[in-house]
Number of protein chains: 6
Amino acid sequence: MSLVVRNIRRADAAAIDALAGFGVATVHEAQGRKGLLAPYMRPIYRPAAIAGSAVTCEVAPGDNWMIHVAVEQCQAGDILVVAPTSPCEDGYFGDLLATSLMARGVRGLIIDAGVRDIAVLTEMAFPVWSKAVYAQGTVKETIGNVNLPLVCAGALVNPGDVIVADDDGVCVVRREEAASVAEKSRQREANEVDKRAQLQAGVLGLDLYKMREKLAEKGLKWVDEAPQ
Amino acid sequence: MSLVVRNIRRADAAAIDALAGFGVATVHEAQGRKGLLAPYMRPIYRPAAIAGSAVTCEVAPGDNWMIHVAVEQCQAGDILVVAPTSPCEDGYFGDLLATSLMARGVRGLIIDAGVRDIAVLTEMAFPVWSKAVYAQGTVKETIGNVNLPLVCAGALVNPGDVIVADDDGVCVVRREEAASVAEKSRQREANEVDKRAQLQAGVLGLDLYKMREKLAEKGLKWVDEAPQ
Amino acid sequence: MSLVVRNIRRADAAAIDALAGFGVATVHEAQGRKGLLAPYMRPIYRPAAIAGSAVTCEVAPGDNWMIHVAVEQCQAGDILVVAPTSPCEDGYFGDLLATSLMARGVRGLIIDAGVRDIAVLTEMAFPVWSKAVYAQGTVKETIGNVNLPLVCAGALVNPGDVIVADDDGVCVVRREEAASVAEKSRQREANEVDKRAQLQAGVLGLDLYKMREKLAEKGLKWVDEAPQ
Amino acid sequence: MSLVVRNIRRADAAAIDALAGFGVATVHEAQGRKGLLAPYMRPIYRPAAIAGSAVTCEVAPGDNWMIHVAVEQCQAGDILVVAPTSPCEDGYFGDLLATSLMARGVRGLIIDAGVRDIAVLTEMAFPVWSKAVYAQGTVKETIGNVNLPLVCAGALVNPGDVIVADDDGVCVVRREEAASVAEKSRQREANEVDKRAQLQAGVLGLDLYKMREKLAEKGLKWVDEAPQ
Amino acid sequence: MSLVVRNIRRADAAAIDALAGFGVATVHEAQGRKGLLAPYMRPIYRPAAIAGSAVTCEVAPGDNWMIHVAVEQCQAGDILVVAPTSPCEDGYFGDLLATSLMARGVRGLIIDAGVRDIAVLTEMAFPVWSKAVYAQGTVKETIGNVNLPLVCAGALVNPGDVIVADDDGVCVVRREEAASVAEKSRQREANEVDKRAQLQAGVLGLDLYKMREKLAEKGLKWVDEAPQ
Amino acid sequence: MSLVVRNIRRADAAAIDALAGFGVATVHEAQGRKGLLAPYMRPIYRPAAIAGSAVTCEVAPGDNWMIHVAVEQCQAGDILVVAPTSPCEDGYFGDLLATSLMARGVRGLIIDAGVRDIAVLTEMAFPVWSKAVYAQGTVKETIGNVNLPLVCAGALVNPGDVIVADDDGVCVVRREEAASVAEKSRQREANEVDKRAQLQAGVLGLDLYKMREKLAEKGLKWVDEAPQ
């Protein structure tokens with residue numbers, strides 16, 4: 001038996017939108033370096049930067065039936081997160097499904113599999129992060145779960161978690177932590193303004209971060225010439 | 001002994017040009033989901049979309065001699081299809097060969113190996129789908145066959161078959177089937193116009209494709225909350 | 001114990017700048033087809049083409065501390081070359097480090113690992129060739145060597161060697177050979193001007209390079225029809 | 001901050017031992033085709049077949065410090081499950097750690113990274129399923145969590161879940177489901193005894209599973225000769 | 001529509017059995033270095049060496065239904081060759097299917113996908129060459145073709161072609177060429193007996209194959225010491 | 001022009017033989033964690049453990065001519081180290097070349113490419129560490145260098161360096177450091193005897209290595225139950 005869960009809790013919209021502005025690297029750092037999806041998840045066009053609430057969708061290999069089911073569960077501001085039950089690079093998703101998702105206000109797709117029609121998707125400005133680009137068609141024979149937790153590209157995603165995606169890849173933020181991670185991201189960015197200015201002015205990170213003593217303690221030696 | 005076959009039969013030019021307009025995903029579907037090359041075949045720039053008649057060229061690993069031989073067999077409207085006898089990512093092809101092919105009206109290159117000079121090729125607008133980008137040079141010592149059937153990136157390509165390539169990858173259409181696949185592609189696209197409009201208007205695929213009953217038969221359940 | 005070598009010899013600036021203009025494929029050929037880094041080293045944006053003197057930096061997996069140390073050893077015109085002691089795709093480098101390197105006149109980064117903040121790096125026009133794009137953060141716990149020879153993406157790089165990088169990938173030229181390789185590259189390019197014109201005019205490579213006799217000697221046969 | 005959780009709940013020992021006897025393929029089927037780790041997880045020697053309670057251990061890339069911490073949390077009958085916070089193939093584990101785990105009655109190691117000393121581990125008959133075999137040493141600088149849920153080779157593992165591993169790979173069974181999955185596995189195996197006998201006697205699966213009619217309905221045709 | 005072709009022509013049994021004795025490397029050489037499947041096709045146990053007539057079976061990703069159909073088409077002395085319509089590593093095949101094939105006298109399985117129950121298959125001495133070992137289960141929903149030509153692991157296989165497989169991998173020999181390739185293989189082996197004896201006695205290949213002059217012509221120089 | 005260097009300096013035989021006894025992991029640690037070849041280098045059979053002096057051989061992709069040249073430069077106790085000028089998995093080496101090397105007392109082969117005839121090589125007990133097993137034949141057309149430094153599987157190997165290889169992979173030790181690394185390896189092993197005994201007796205690494213305080217300083221907390 002497979003389930004479609006209709007009601008999921010989403011994070012506060014303001015927190016989600018704030019997270020979109022910080023980008024994946026900052027958010028990942030701000031939440032203690034967790035939540036990254038595997039580096040093979042790449043955007044179909046650049047630049048692209050979004051954040052939204054995860055609607056999760058489990059699919060069988062070579063079978064995109066459940067994506068049609070998941071569309072109905074998506075709201076404006078959501079991001080659809082699709083993972084197959086075993087590794088597959090087929091083209092589960094194309095411009096018709098994207099049209100349907102855009103009509104509902106969905107902000108993008110994260111799929112641990114293949115996507116197709118990417119020229120059209122690029123024109124439509126519907127962003128997708130995927131494992132592969134592949135025209136291979138899929139069938140509609142096997143059911144799976146929608147809005148249950150799943151592992152996507154090595155990361156656990158719960159329905160309603162916040163997905164942040166940009167040119168660097170994809171990160172998941174727990175729904176309950178969205179606001180605090182947004183705030184920590186803001187602090188992190190604020191903190192970097194001054195650092196950036198100093199580095200731009202030629203101050204070295206070695207001095208800015210006071211690393212010289214610790215490096216020497218670890219045994220680092222500076223020499224004028226390479227030993228023969 | 002290796003052979004160069006001079007005369008190959010090509011598909012009707014109108015059918016070929018029609019196929020170029022439909023794109024890889026549509027053509028692949030229209031011909032019954034066959035003929036795709038492996039997803040690692042990627043274009044060196046985007047967007048790019050071509051169709052043409054395959055001139056096939058077998059090369060030894062690290063040896064591009066036969067590409068020079070194959071050039072002579074190419075006509076306006078052709079696409080050169082190159083496959084090594086064992087896997088190799090060397091840079092078999094660069095701007096000089098592209099200049100020669102463009103002079104003959106060749107529309108592009110499909111190579112299950114590496115390509116180089118891609119900045120120049122991009123400026124020249126000569127499209128290439130390849131397994132790799134790699135500057136590694138090749139020798140000219142070993143001969144192979146031109147215009148015999150070969151397997152390229154996992155797909156059988158006969159000389160004169162139609163190659164369709166776009167941002168989604170590469171598909172091969174049998175020469176004898178080119179016209180019928182073009183017609184089926186046309187029907188498929190026509191058929192999608194209304195679907196796209198409905199989806200854009202918010203109709204769900206679940207309803208448009210009448211999936212709800214079949215999903216329920218398979219055992220899919222909709223629930224309001226996730227089970228604990 | 002790890003070492004930071006302060007003084008390295010660099011190649012003549014004119015030779016370096018000349019090499020930048022020829023590109024990776026030409027330089028690689030001109031120096032006898034050696035010095036290429038692995039084809040997985042790809043630029044974060046295109047087009048990009050640089051040459052500069054290598055400052056080498058060895059890092060531990062998941063640890064970017066030594067990059068901060070290496071920055072201090074970089075001068076205007078240098079390229080930072082980073083290799084981990086075991087394979088790692090973490091995001092060792094982002095926009096703050098790039099700001100610091102740009103302030104010193106560094107021309108780009110070659111890293112056999114991951115990079116992040118690539119949207120910002122693209123805006124900054126700071127070119128990077130990397131194995132991966134990945135937001136994964138790194139620690140600062142383990143020291144390594146700066147400006148000792150290292151193997152980066154399969155190629156030996158000595159400090160002060162010339163790095164040439166463009167859309168085709170990355171090539172290393174020995175410091176002592178920079179001027180002679182630049183001259184050979186110049187000759188190679190001059191030599192190609194006439195060839196390109198002839199190919200553009202429709203002369204075949206088979207004739208231009210006088211290949212027909214040698215091909216026949218090897219046993220190549222031209223036939224009108226494929227054998228049944 | 002990182003945590004080491006001392007008390008975890010384990011499944012019933014009888015259920016665990018029963019699961020060991022059924023093997024990964026059967027257990028995976030019996031629990032509804034879920035819980036498999038990625039296929040790159042391979043045993044260092046064959047045959048090997050174990051089941052035990054997961055003690056989970058998160059490690060930094062290139063840093064095996066937390067394995068030493070996790071050893072203390074292991075009891076007789078446990079299996080240590082190690083996953084790095086970003087992909088790494090370093091040799092986190094060798095014969096000394098294996099000696100320590102064997103002294104505590106631990107049944108094996110599952111590690112989404114590299115292992116070394118495999119000749120000695122094979123002699124010791126300490127089974128390991130790993131992503132790689134690699135002698136690369138690791139440091140002891142960065143802390144992580146022990147006995148919190150983690151994703152290992154694409155599967156979510158909670159501390160106390162049951163790990164089943166054999167020549168086919170690795171599967172995780174939720175602690176609460178261990179007894180029911182063991183029972184379903186038993187039924188599945190019992191059910192296969194008769195099937196195996198019939199197949200051995202030459203009965204076809206087509207008949208045994210009554211597939212002919214459904215195949216014909218889907219459109220399958222049997223013909224005497226291939227169409228030309 | 002999909003087809004099952006009942007009658008296929010097979011090569012002469014004596015030629016097939018002869019090919020089994022020569023091994024993949026010899027047969028591949030004897031037939032002009034063609035017909036090898038990709039190197040990722042590995043045996044589940046070693047040593048293993050078989051030859052037989054190909055029964056070809058096309059399957060959908062994650063769907064092993066057609067293997068059940070193909071079993072009926074297999075005779076004593078056959079080898080089942082399975083390829084998915086898009087890349088898939090699921091465990092399509094296990095001990096029950098192997099029992100059924102052994103009951104029919106089938107000599108082994110070549111599958112460009114995953115296999116499971118390999119401990120049992122090893123005990124049964126049923127040899128399999130596969131792309132992966134993976135316990136992932138498959139469904140029975142989608143039909144495909146049996147005994148039509150297909151591309152398996154990069155090589156074209158026609159039904160009735162001879163498959164030769166051993167520890168080095170898998171090679172396909174055209175049915176019509178089986179006898180001549182067997183004879184050429186025999187000659188090749190006979191020819192190697194004397195060479196092996198001479199090499200064993202310390203004669204150098206350089207002399208045995210008279211390579212010195214040709215090497216010198218190409219420009220090879222022997223020097224006593226490495227140049228500085 | 002390519003060179004064959006006849007005279008290379010080798011390390012002391014006693015040091016080499018001592019290194020063979022310690023194994024790759026120990027030697028790698030003893031020399032400061034350097035010198036490992038990439039983890040894709042795997043032995044064709046297990047167990048296998050050798051050490052010897054490197055004779056280096058550069059080959060073109062798909063061309064094994066230079067291996068025949070290198071054989072002549074090998075002495076008893078040597079190990080042949082082969083690397084292609086661009087990545088290639090062809091079967092450069094089989095039982096005839098192994099016969100020739102065994103006749104000269106060569107201890108094994110390290111090849112960053114493919115090998116074939118592995119069933120025979122296993123019977124002959126001639127150990128090989130390779131990137132691939134593949135029957136694909138090679139040509140004899142292109143020359144390269146013998147006994148010049150090369151990069152093999154990511155590691156710099158000078159002729160006369162000591163190669164240590166076992167089930168864990170391959171490590172290179174600089175010729176000048178062979179004796180000191182052997183001595184450090186001996187000390188390391190001696191040092192481990194007592195540790196192993198203590199671990200076997202149940203002493204924890206946490207106590208043996210006095211890690212508890214440092215872990216606590218880093219912020220590690222032990223808790224009885226997982227936080228909710």
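All chains are named by letter (A, B, ...) in the order of the sequence lines, taking the proteins before the strands, and each is independently numbered beginning at 1. All figures in this text were calculated on a predicted structure; none of them were measured in a lab.
- Taking CZ of C/Arg116 as the start and NE2 of A/His28 as the end, the distance is 6.0 Å to the nearest 0.5 Å.
- If you tally non-hydrogen atom pairs under 4.5 Å between each of C/Glu89, C/Glu141, C/Lys140 and chain A, the highest count goes to C/Glu141.
- Heavy atoms of A/Glu225 lying under 4.5 Å from chain C belong to its backbone as well as its side chain.
- Proximity of a side-chain donor or acceptor of A/Arg196 to a complementary backbone N or O of C/Asp95 within less than 3.5 Å is not detected.
- We find the CG-CD distance between C/Leu96 and A/Gln198 to be 11.5 Å, quoted to the nearest 0.5 Å.
- Looking at A/Lys214, the atoms closer than 4.5 Å to chain C (heavy atoms on both sides) sit in the backbone and in the side chain alike.
- Remark: of the listed residues C/Val5, C/Val4, C/Leu3, C/Val4 is the sole one forming a side-chain contact (heavy atoms from CB on, under 4.5 Å) with A/Trp222.
- Only the backbone of A/Val203 comes within contact range of chain C, with at least one heavy atom under 4.5 Å from a heavy atom of that chain.
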Q.
Quick one, A/Arg212 with C/Glu72, criterion salt bridge (Lys or Arg N to Asp or Glu O under 4.0 Å). Give me CA distance, side-chain angles, the key distance, then yes/no.
A. CA-CA 11 Å; A/Arg212 292 185 194 275; C/Glu72 188 179 27; 2.9 Å; yes
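- The candidate from A/Leu199, A/Val223, A/Leu208 with the greatest count of non-hydrogen atom pairs under 4.5 Å with chain C is A/Val223.
- For the pair A/Asp167 (side chain) and C/Asp117 (backbone), a donor-acceptor distance under 3.5 Å is absent.
- Of the listed residues (C/Pro149, C/Gly114, C/Ala103), the one with the most heavy-atom contacts under 4.5 Å to chain A is C/Ala103.
- For the pair C/Val71/A/Leu206, no side-chain contact is recorded, criterion being any heavy-atom separation below 4.5 Å from C-beta on.
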Q) Step by step, would you call A/Arg33 with C/Val139 a side-chain contact (heavy atoms from CB on, under 4.5 Å)? A) CA-CA 11 Å; A/Arg33 296 190 172 172; C/Val139 298; 3.7 Å; yes
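- Contacts between A/Leu37 and chain C at a heavy-atom distance below 4.5 Å involve the backbone alone (N, CA, C, O).
- Residue C/Gln73 touches chain A through its side chain alone, counting heavy-atom pairs closer than 4.5 Å.
- The candidate with the highest count of non-hydrogen atom pairs below 4.5 Å against chain A, out of C/Ala132, C/Gly144, C/Ser100, C/Gly91, is C/Ser100.
- Residue with the most contacts toward chain C among A/Gly169, A/Ala226, A/Pro47: A/Ala226 (heavy-atom pairs, distance under 4.5 Å).
- Using a 4.5 Å cut-off between heavy atoms, A/Asp224 contacts chain C through both its backbone and its side chain.
- Annotation: the span from C/Ile143 atom CD1 to A/Leu220 atom CG amounts to 5.0 Å, rounded to 0.5 Å.
- Proximity to chain C (any heavy atom under 4.5 Å) is restricted, for A/Tyr209, to the side chain, taken from C-beta onward.
- No donor-acceptor pair under 3.5 Å is formed between the side chain of C/His68 and the backbone N or O of A/Met211.
- Interface remark: C/Met1 contributes backbone and side-chain atoms alike to the contact with chain A (heavy atom separation under 4.5 Å).
- Rounding to the nearest 0.5 Å gives a distance of 5.0 Å between OH of C/Tyr134 and CG of A/Leu36.
- Taking CZ from A/Arg46 and OG1 from C/Thr122, the interatomic distance works out to 4.0 Å, rounded to the nearest 0.5 Å.
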